[in-house]
Structures are given as structure tokens and as C-alpha cells.
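Everything on this sheet refers to the single structure shown next.
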Amino acid sequence: MADNTYSLLKASGYHPEQELSARSILSASELGKRYRLAISGGRRSSLFQIDGYIISSGKRCDKLVLVENAGDDWAEIFVELKGVDVASAIEQLRVSLGSPLFKHATNKEVRARIVAQSFPSHRSNPIMEKAKIEFMRKFQYELRGMKTGQQDAI
């Protein structure tokens, strides 16, 4: 068994878009949408393409960010870069989060992010609010909607 999700993916022949290295900002973009992650403490991070590469059929999210924490602990951040179809983005994340390929004992923190050109306020988007509750109850994962270019932090 691989030591962590990063080494498991590498051993399976998948090459990251951004190799594992220390960086203060990790950025991923697709079709005009951009996810930015500020990484504190000089921790190492990597970015993998899921859609069309690691998972090539069915529903799946766009990207996987892996951040190395203290010891053998890792954080996984699943990212869906979307136009406006929040319901579809939620389903793509739900399927990706459930994939056994990304399950590993060292993944102590898992997040899901939907990055869109614009996002309605939480009160006017009951689909997103219900999904946030479901993801926390069912998976213990934080789901968050973000506008393109808005910075996330870890």
C-alpha cells in the first residue's frame, strides 16, 4: 500500500499538473475559472487533473489539490471549476469524493470547492445550503462555493 494519496497516484502512473513542492500559492484554472489556495507554513502541495485523466468517464470533478501537513497527515481539496450549474457541480464532487482511489488513512482533512464566475448568496441557493449540510453530516467534508479568483487558505 502506498504511503499517501500522492504516492498512490504517482505509483498508478498519474503525473501531477504541479509536482509536490513547497509553495505559498497554488493556482488552478480552466475555461476562465481560477482556484487560488494560500498555503501557510511552507508546506508542500501538488495538483492533479481528475476530469478526463484520473477519471475519464462518468461524473467527476476537475482537480485535486493535495497539501502535506505535519507528520503523515494530508489535506485533500476537490475542486470543481463551474459556470453556473451548482447542482451538477455538487454531484460531480459527490461522485469524486466517493471514489476509493482517493481514500487513504493519511487524509485527515478533506474539502470540496465549487468555483464559479458568480455565486448567489447562500440564502438564495437552497441547493447549495442543503449540500453543505449533507457533505458535513455524511462525509465530514466542508463544501464551499467560491467566486473565481477568490482566495482559499490552508
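The basis for the numbers below is simple: all heavy atoms, side chains too, and nothing from hydrogens, waters or symmetry mates.
- When the side chains of ILVMFWY residues are joined at heavy-atom separations under 4.5 Å, either directly or via intervening members, Val110 and Met136 end up in two distinct hydrophobic clusters.
- Looking only at distances, no side-chain donor or acceptor of Glu19 sits under 3.5 Å from a matching main-chain atom of Pro16.
- Counting only distance, with no hydrogens or angles, the side chain of Lys33 and the backbone of Leu31 share a donor-acceptor pair below 3.5 Å.
- In this structure, Ser96 contributes its side chain and Leu93 its backbone to no donor-acceptor pair below 3.5 Å.
- Salt-bridge check for Lys63 with Asp51: failed, with every basic side-chain N at 4.0 Å or more from each acidic carboxylate O.
- No donor-acceptor distance shorter than 3.5 angstrom exists from the side chain of Ser45 to the backbone of Val65, with no hydrogens or angles considered.
- Contact of the Arg34 side chain with the Met146 side chain is not registered, since no non-hydrogen atoms from C-beta on lie closer than 4.5 Å.
- Across all non-hydrogen atoms, the minimal contact from His15 to Phe48 is C-CE2, 4.0 Å.
- There is a side-chain donor-acceptor pair under 3.5 Å between Asn107 and Thr5.
- A 4.5 Å side-chain heavy-atom check between Ile90 and Ile127 finds at least one atom pair inside the cut-off.
- Scored by the ring pair (Phe, Tyr, Trp, His ring centres under 6.0 Å) test, Phe139 finds Phe135, Tyr141 as partners (sequence neighbours excluded).
- Taking the charged nitrogens against the carboxylate oxygens, Asp152 and Arg144 do have a contact shorter than 4.0 Å, which makes a salt bridge.
- Between Arg113 and the choices Glu142, Gln150, Glu80, the side chain to side chain contact (heavy atoms under 4.5 Å, CB included) rule is met once, by Glu142.
- The two residues Thr106 and Asp72 have their closest heavy-atom pair at CB-O, 3.0 Å.
- Contact of the Leu37 side chain with the Ile154 side chain is registered, since non-hydrogen atoms from C-beta on lie closer than 4.5 Å.
- With sequence neighbours excluded, the residues satisfying side chain to side chain contact (heavy atoms under 4.5 Å, CB included) with Lys59 are Glu91, Gln92, Val95.
- Here the shortest heavy-atom pairing between Leu143 and Ala131 reads CD2-CB, 3.6 Å.
- Residues Arg23 and Ile39 come closest through the heavy atom pair O-CB, 3.6 Å.
- The heavy-atom pair separating Ser27 from Gln18 by the smallest distance is O-NE2, 2.8 Å.
- Residues Glu134 and Arg94 form a side-chain contact, since some pair of their non-hydrogen atoms from C-beta on lies under 4.5 Å apart.
- At least one side-chain heavy atom of Phe102 sits under 4.5 Å from a side-chain heavy atom of Ile50.
- In this structure, CG in Asn4 is found 10.0 Å from CD in Glu76, a value given to the nearest 0.5 Å.
- With sequence neighbours left out, the side chain to side chain contact (heavy atoms under 4.5 Å, CB included) criterion links Leu20 to Tyr6, Arg44, Ser46, Trp74.
- The closest side-chain heavy-atom distance from Glu109 to Asn69 is below 4.5 Å.
- Within the 3.5 Å criterion, the main-chain N or O of Leu81 finds a donor-acceptor partner in the side chain of Asp62.
- In this structure, CG in Leu101 is found 5.5 Å from CG in Leu8, a value given to the nearest 0.5 Å.
- Put simply, the side chain of Arg60 gets close to the backbone of Gly58: a donor and an acceptor are under 3.5 Å apart.
- From Tyr35, atom OH reaches atom CD1 of Ile114 across 12.5 Å, with rounding to the nearest 0.5 Å.
- Contact detail for Arg36 and Gly149: the closest heavy-atom pair is CD-O, 3.9 Å.
- Phe78 places none of its side-chain heavy atoms less than 4.5 Å from the side chain of Arg111.
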Start with the C-alpha gap between Leu9 and Leu64, add the side-chain angles, then the distance that decides, and say whether side-chain contact (heavy atoms from CB on, under 4.5 Å) holds.
CA-CA 11 Å; Leu9 291 173; Leu64 173 63; 4.0 Å; yes
